[in-house]
Amino acid sequence: MIYRDLLIFIYVLNPPRSAGGNSLVSIQKAKKNKLDDTPTISSLSLYYSHNQATKQPMAVSNNIIATLNFIAILCSIPIITAGIWLSSKPDNECIRWLRWPVLIIGILFLLLALTGFIGAYYNKQGLLAFYLFCNAALIIAGLVLLILAFVVTRPSGAYDVPGRSYKEYRLGGYSKWLRDHVTGVDSWGNIKVCLSSSDVCTKMTRDSYSAVQFFGSDISPLQSGCCKPPTVCGYQYVNPIMWINPSNPTGDMDCPIWNNDPNQLCYNCDSCKAGLLGNLRKEWRTANVILIVAVVALICLYLIACSAYKNAQTEEIFRRYKQGWT
């Protein structure tokens with residue numbers, strides 16, 4: 001092994017020159033080379049076997065990358081599905097910029113896997129290098145989104161209410177970043193109009209609930225905050241979106257804001273803003289699990305692909321040296 005490496009090193013420094021000159025030895029070598037240029041079946045067979053042996057590692061490396069990216073294509077399907085699921089939620093429909101991050105990452109994941117698969121299958125080294133660069137960029141973007149989603153959704157404004165199966169929500173319990181970007185003065189007006197035009201609250205009236213049934217139901221944070229008054233106000237239940245005669249109208253700042261008009265309800269209440277943030281927190285914490293799996297898969301894919309790509313490059317360099325030596 002050491003002797004062969006030494007020969008390769010000497011060859012790189014002093015590659016053999018073509019036969020030439022007027023000496024007898026040069027002429028004899030030229031004649032011999034001319035005779036040896038005539039191909040034979042055995043020499044062609046040996047040449048073919050040599051090429052196959054030197055090209056095999058490249059094929060194996062490419063097969064590894066292609067197989068991993070085919071698996072990644074399959075893995076992108078649940079990410080895209082999660083993005084579509086998030087974007088279809090009523091609260092996300094009303095907050096446009098929150099609808100797309102997971103879906104965009106899922107689509108980029110799919111395109112990246114297709115790029116790697118095509119580059120490996122057709123042995124396009126430039127495309128594979130571009131694939132590795134984009135993979136690293138997508139890992140960074142995924143980590144940033146994952147950390148941001150975890151940090152801003154960690155605090156919770158939910159609290160238990162005696163005699164109720166559902167929870168109620170305080171706006172101050174959520175992160176300041178979410179409060180400023182989702183429920184701020186500039187954005188809440190449009191969100192409120194969007195919520196009032198949806199069926200988030202009106203669909204609760206499709207079933208006949210008694211007071212006991214309603215208090216024992218499991219309603220969403222958005223419905224708890226926007227479709228009914230806070231329990232502390234002491235309103236009497238008529239139906240899920242109609243409440244009358246509060247016994248404690250000063251118990252909360254949202255108590256006098258409640259309105260039985262289906263277009264008003266508690267959409268101007270802080271409890272509605274808190275309920276919206278509660279919905280977002282619940283949905284994004286579910287999406288975080290999918291994001292974690294996606295980022296871990298990207299990192300593993302990147303490490304294995306880098307190793308395979310480097311091995312392929314090394315074997316290609318060695319193959320060229322060996323062909324030049326022989």
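Each residue takes its place number in the sequence, starting with 1.
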>> With disulfide bond (SG atoms under 2.5 Å apart) as the criterion, how do C266 and C227 come out once you've worked through the C-alpha distance, each side chain's angles and the decisive distance to 0.1 Å?
In response: CA-CA 6 Å; C266 216; C227 306; over 6 Å; no
> When you look at I77 and T81, which way does the side-chain contact (heavy atoms from CB on, under 4.5 Å) test go after all the steps?
Replying inline: CA-CA 6 Å; I77 296 175; T81 303; 4.1 Å; yes
>> Please determine whether side-chain contact (heavy atoms from CB on, under 4.5 Å) holds for the pair I139 and Y302, giving the CA-CA distance in whole Å, both sets of side-chain angles, and the decisive distance to 0.1 Å.
In response: CA-CA 9 Å; I139 288 173; Y302 179 76; 3.8 Å; yes
>> Evaluate R164 against T231 for side-chain contact (heavy atoms from CB on, under 4.5 Å), listing each step before the verdict.
In response: CA-CA 9 Å; R164 306 290 189 268; T231 301; 3.7 Å; yes
>> Let's go through K176 and H181 carefully: what are the C-alpha distance in whole Å and the side-chain angles of both, what is the deciding distance for side-chain contact (heavy atoms from CB on, under 4.5 Å) to 0.1 Å, and is it a yes or a no?
In response: CA-CA 8 Å; K176 186 177 184 300; H181 287 79; over 6 Å; no
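In this structure, the side chain of Q264 does not engage the main chain of D261 through any donor-acceptor pair within 3.5 Å. A distance-only check finds no donor-acceptor pair linking the side chain of S224 to the backbone of P221 [under 3.5 Å]. With hydrogens and angles disregarded, no donor-acceptor distance shorter than 3.5 Å links the side chain of E283 to the backbone of L280. Not a single donor-acceptor pair under 3.5 Å links the side chain of R170 to the backbone N or O of D270. Side chain of S187 to backbone of V182: a donor-acceptor contact under 3.5 angstrom is found.
When all heavy atoms of G106 and I79 are compared, the closest pair comes out as CA-CG2, 3.4 Å. Taking all atoms of both residues into account, the shortest heavy-atom contact from T202 to S198 is OG1-O, 4.2 Å. C255 and P249 get closest at one heavy-atom pair: CB-O, 3.0 Å.
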Enumerate donor-acceptor pairs with a distance under 3.5 Å from any side-chain N or O in residues 285-299 to protein atoms, sequence neighbours excluded.
residue: R285; atom: NH1; partner: T153; partner atom: O; Å: 3.4
residue: T286; atom: OG1; partner: K282; partner atom: O; Å: 3.1

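Cluster annotation: V232 is not connected to Y166 through the hydrophobic network of ILVMFWY side chains, with a link wherever side-chain heavy atoms come within less than 4.5 Å. In this structure, I71 is not a member of the same hydrophobic cluster as L303, with clusters built from ILVMFWY side-chain heavy atoms closer than 4.5 Å. Grouping the Ile, Leu, Val, Met, Phe, Trp and Tyr side chains by contacts below 4.5 angstrom, directly or via other members, places L132 with L111. No continuous path of hydrophobic side-chain contacts links L277 to V161 [ILVMFWY only; heavy atoms under 4.5 Å]. At a threshold of 4.5 Å between side-chain heavy atoms, the hydrophobic network of Ile, Leu, Val, Met, Phe, Trp and Tyr places I140 and F109 in two separate groups.
To the nearest 0.5 Å, atom SG of residue C272 and atom CG of residue L195 are 5.5 Å apart. Distance CG/L112 to SG/C134: 6.5 Å, rounded to 0.5 Å. One distance of note links CD1 of I80 with CD1 of I104; it measures 12.0 Å at 0.5 Å rounding. With rounding to the nearest 0.5 Å, the separation of CG in N260 from CG in L265 is 7.5 Å. Atom NZ in K228 sits 12.0 Å away from atom OH in Y235 (nearest 0.5 Å). Atom CG of L171 sits about 10.0 Å away from atom CG of L276, to the nearest 0.5 Å.
Taking the ring centre of Y174 as origin, the terminal cationic atom of R179 falls outside the region bounded by 6.0 Å and 45° from the ring axis.
Checked against the 6.0 Å centroid threshold, Y169 and Y159 do not count as a close aromatic pair.
Enclosure of atom CG in D218 is not indicated, since only 12 or fewer non-hydrogen atoms of other residues, nucleotides or ligands lie within 6.0 angstrom. Around the CZ atom of F130, the shell of radius 6.0 Å holds no more than 12 heavy atoms that belong to other residues, nucleotides or ligands.
Cysteines C226 and C201: SG-SG separation is not under 2.5 Å.
Side-chain polar atoms of S271 and E168 form no donor-acceptor pair below 3.5 angstrom. Looking at W188 and N190, their side chains never bring a donor and an acceptor atom within 3.5 Å of each other. In this structure, a donor-acceptor pair under 3.5 Å is present between the side chains of N69 and Y131.
The salt bridge (charged side-chain N to carboxylate O under 4.0 Å, His left out) test applied to K167 returns D160, not counting sequence neighbours.
Other residues sharing a hydrophobic cluster with I244 under the 4.5 Å side-chain heavy-atom criterion for ILVMFWY residues are V238, M242.
Residues I219 and F214 form a side-chain contact, since some pair of their non-hydrogen atoms from C-beta on lies under 4.5 Å apart. Counting only heavy atoms from C-beta outward, the side chains of I257 and C269 approach each other to under 4.5 Å.
A salt bridge links D199 with R206: the closest approach of a Lys/Arg side-chain nitrogen to an acidic carboxylate oxygen falls below 4.0 angstrom.
Between Y237 and F215, the ring planes lie perpendicular to each other; the angle is over 60°, past the 30° to 60° tilted range.
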